[in-house]
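A short write-up of the structure that comes next.
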Amino acid sequence: MDERVRKLWEEVKEKDIPFILEEDESFPSHRQNYKGFQHFTRNKIKDSDHLVMAEALSHLRECFLQQLVTKVGSSLALEDVGRTLIGEPGMTYGTEGGFTRLFAHPWEPGDFYDEKSRDALSSFSRLNSLMSELAKEACITEFGEPDAEVLNCLNFNLILVNYADLDTVTANVRDDPYYKMGKLVLGWHKDKLMVPRSSVAVYQFSEGNDSENFWGVAFKKAWEVKTYPLLLKLNSGDTYFMLDNFNEENRHAVIGREGSSPRFSTTHRCSRTTNNTYSSVQEKMVIVDDITGKLESWILEGELLMRLEDETVRSQISEAFRIQSIVEFEWLRKFWIAGKQHSEIQVWWLPKIIHMEEHWRETEGKLYRFLDELCGQNSELSSCVLDLLEKILEILKQTKKRRNDCNRHCAKHFFSTLAPELRPIKRPLVEFSVLTAKIRQIEAWLPIPENAEYLEYEPRGTKRRFADNQEGRTETETIGERREGEQKLEDETKQPLKLQKTE
């Protein structure tokens, strides 16, 4: 448990802090502690627009919702909330290094979707424009005329849609452990991956009579317990707004109580576009195309070693290898790991992902041929080229590790309990032996690290073990498997082994 969470938990238990409901007389005074929050009732939006959204959300539930796999402690589980993403074409939402990325359905769908789906997605586009206007009104109400930076962050480019049905998930949803408000359908959190000072606008729609429902949004200060938390009951069609830095300074949660009707929420935000859009990854792929094209030309003209003396060229080459890793692990694997059902409903993304995979495979082949040419040189390599090989080696080792991590993740027993259409698709398919061969190919050119200590000495062609103190592991290497003539074994005098290039 995080130390800050542990201390907060202890303080809450010790002080038995109450929460304040909107109907409490003290609510207005406590509300002053949460500057930047505004709540509008359903009459801010026309009844006809509510009806359009009810139809669009119903279609979305049938066609687009997916449950994401999340970590619960050391185990995996499906989230209790169904989700989908809608936004500007090419938008995604995900954290680098994790196993999940949400791919947005475009609210300008073109001819990729059937007519009913196009109408539903267009309805979300109109709702997003309306929520931007209401957010501006909320800002003026709360702060007066907002500055230009805040206004710009009200042009929302992404909608995260959540769907929760307590009748189906009550057994898995835990009670609020801090304040006993009810079921934590969405636990205490702040929204992430947004541009600085981005406001968040939320539209709620729930089925059934409001008198039968209890859905609420709760707020508390981040990492302190002196300020009482608030719980605001929400009716179907209500909207609320977390303006300017409110999301950064506070934490919020969605509270439900047993018996409440299913709930939709659309969360509108100004999300970061750097490294999170299809156009951004396309730009990276163009960089790889440019340098691999040059490498092929230089190899044919016999200019490779001369060109590699240029620092800019070496930087472009290492960047190309890094981009290959980004495309594989942040885009391709995160698309396919969501399963067959996900790939089938992502009709805008599917042809683009397939093209991206084909491009990635083609450029990987070109970069590997460059390594074959470079490591097949008969002359010594300059120190700057050896430095480049060291950088490439580190990237390839990390690639190998991440591929192993992905395989272990997909092989976990949890996935065998899911319906076949929800299980990860193991793509892109790769030959591990090819990557291993490239790693060994580079290692043959590089000197043994100073912290690599040989533990035993045996004749050429036998297995030799060495301890790599830097990575904290013992690795077995067959020297005879390395490229003939690339190593010289000084085994006559049983002196410590030194590997070097032959002239």
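In what follows, every heavy atom counts, from backbone to side chain, and hydrogens, waters and symmetry copies are set aside.
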Kindly give the heavy-atom pair with the smallest separation between [X] and [Y], and that separation in Å.
| X | Y | result |
| --- | --- | --- |
| Trp331 | Ser280 | CZ2-OG, 4.5 Å |
| Trp215 | Leu166 | CH2-CG, 3.8 Å |
| Ser236 | Arg42 | O-NH1, 3.1 Å |
| Ser318 | Ile395 | O-CD1, 3.6 Å |
| His105 | Tyr113 | ND1-OH, 2.8 Å |
| Leu332 | Pro428 | CB-CD, 4.1 Å |

Check this for me: [X], atom [atom1], are more than 12 non-hydrogen atoms of other residues, nucleotides or ligands nearer than 6.0 Å?
| X | atom1 | result |
| --- | --- | --- |
| Lys46 | NZ | no |
| Lys352 | NZ | yes |
| Glu55 | CD | no |
| Tyr228 | OH | no |
| Lys391 | NZ | no |
| Glu23 | CD | yes |

Verdict with reasoning, Ser325 to Gln398, per side-chain contact (heavy atoms from CB on, under 4.5 Å) = CA-CA 9 Å; Ser325 179; Gln398 185 65 18; 5.8 Å; no

Are [X] and [Y] linked by a side-chain donor-acceptor pair shorter than 3.5 Å?
| X | Y | value |
| --- | --- | --- |
| Arg101 | Asn276 | yes |
| Ser26 | Asp24 | no |
| Ser125 | Glu108 | no |

Between [X] (side chain only) and [Y] (backbone N and O only), is there a donor and an acceptor less than 3.5 Å apart?
| X | Y | value |
| --- | --- | --- |
| Ser199 | Asp244 | yes |
| Arg269 | Val200 | no |
| Ser416 | His413 | yes |
| Arg361 | Leu429 | yes |
| Glu224 | Lys226 | yes |
| Asp165 | Pro262 | no |
| Thr239 | Ala201 | no |
| Gln38 | Glu142 | no |
| Arg251 | His189 | no |
| Asp238 | Thr41 | no |

All salt bridge (charged side-chain N to carboxylate O under 4.0 Å, His left out) counterparts of Glu421, not counting sequence neighbours = none

Contacts of Asp111 meeting salt bridge (charged side-chain N to carboxylate O under 4.0 Å, His left out) (sequence neighbours excluded), chain-then-number -> none

Should the pair Lys220 and Tyr34 be classed as cation-pi, given the thresholds of under 6.0 Å to the six-membered ring centre and 45° from the axis?
-> no

Side chain to side chain, [X] and [Y], heavy atoms closer than 4.5 Å:
| X | Y | value |
| --- | --- | --- |
| Lys334 | Thr92 | no |
| Ile287 | Gln316 | no |
| Ile140 | Pro146 | yes |
| Leu57 | Val161 | yes |
| Met53 | Phe124 | yes |
| Asp289 | Thr363 | yes |
| Phe64 | Ile86 | no |
| Cys270 | Asn155 | no |

Identified salt bridge (charged side-chain N to carboxylate O under 4.0 Å, His left out) counterpart of Glu328 within the set Arg403, Arg402, Lys284, Arg427 = Arg403

Rounded distance (nearest 0.5 Å) linking atom [atom1] of [X] with atom [atom2] of [Y]:
| X | Y | atom1 | atom2 | answer |
| --- | --- | --- | --- | --- |
| Asp175 | Ile255 | CG | CD1 | 9.5 Å |
| Leu134 | Lys44 | CG | NZ | 7.0 Å |
| Glu364 | Phe321 | CD | CZ | 9.0 Å |
| Lys116 | Glu62 | NZ | CD | 6.0 Å |
| Ser279 | Glu88 | OG | CD | 10.0 Å |
| Phe414 | His409 | CZ | NE2 | 8.5 Å |

According to the interplanar angle, ranging from 0 to 90°, do the rings of Phe219 and Tyr240 count as parallel (below 30°), tilted (30 to 60°) or perpendicular (above 60°)?
-> perpendicular

Please state whether the rings of Phe156 and His268 are parallel, tilted or perpendicular, taking 30° and 60° as the class boundaries.
-> tilted

CA sep, side-chain torsions, deciding dist, call: Lys294, Asp290, side-chain contact (heavy atoms from CB on, under 4.5 Å) | CA-CA 6 Å; Lys294 291 177 180 177; Asp290 179 61; 3.4 Å; yes

List the steps, then state whether ring-ring contact (aromatic ring centres under 6.0 Å, His included) holds for Phe241 with Phe40.
-> CA-CA 9 Å; Phe241 304 85; Phe40 293 156; 5.4 Å; yes

Pairing residues for Glu319 by the side-chain hydrogen bond (donor to acceptor under 3.5 Å, both in side chains) criterion, not counting sequence neighbours = Arg322

Would you call Lys136 and Glu133 a salt bridge, using N to O less than 4.0 angstrom?
-> yes

Pair Asp147-Arg197, side-chain contact (heavy atoms from CB on, under 4.5 Å): steps then yes or no = CA-CA 11 Å; Asp147 61 46; Arg197 302 186 71 185; 3.1 Å; yes

Go through Asn128 and Thr266 one step at a time and tell me if the side-chain contact (heavy atoms from CB on, under 4.5 Å) criterion holds.
-> CA-CA 9 Å; Asn128 188 69; Thr266 67; over 6 Å; no

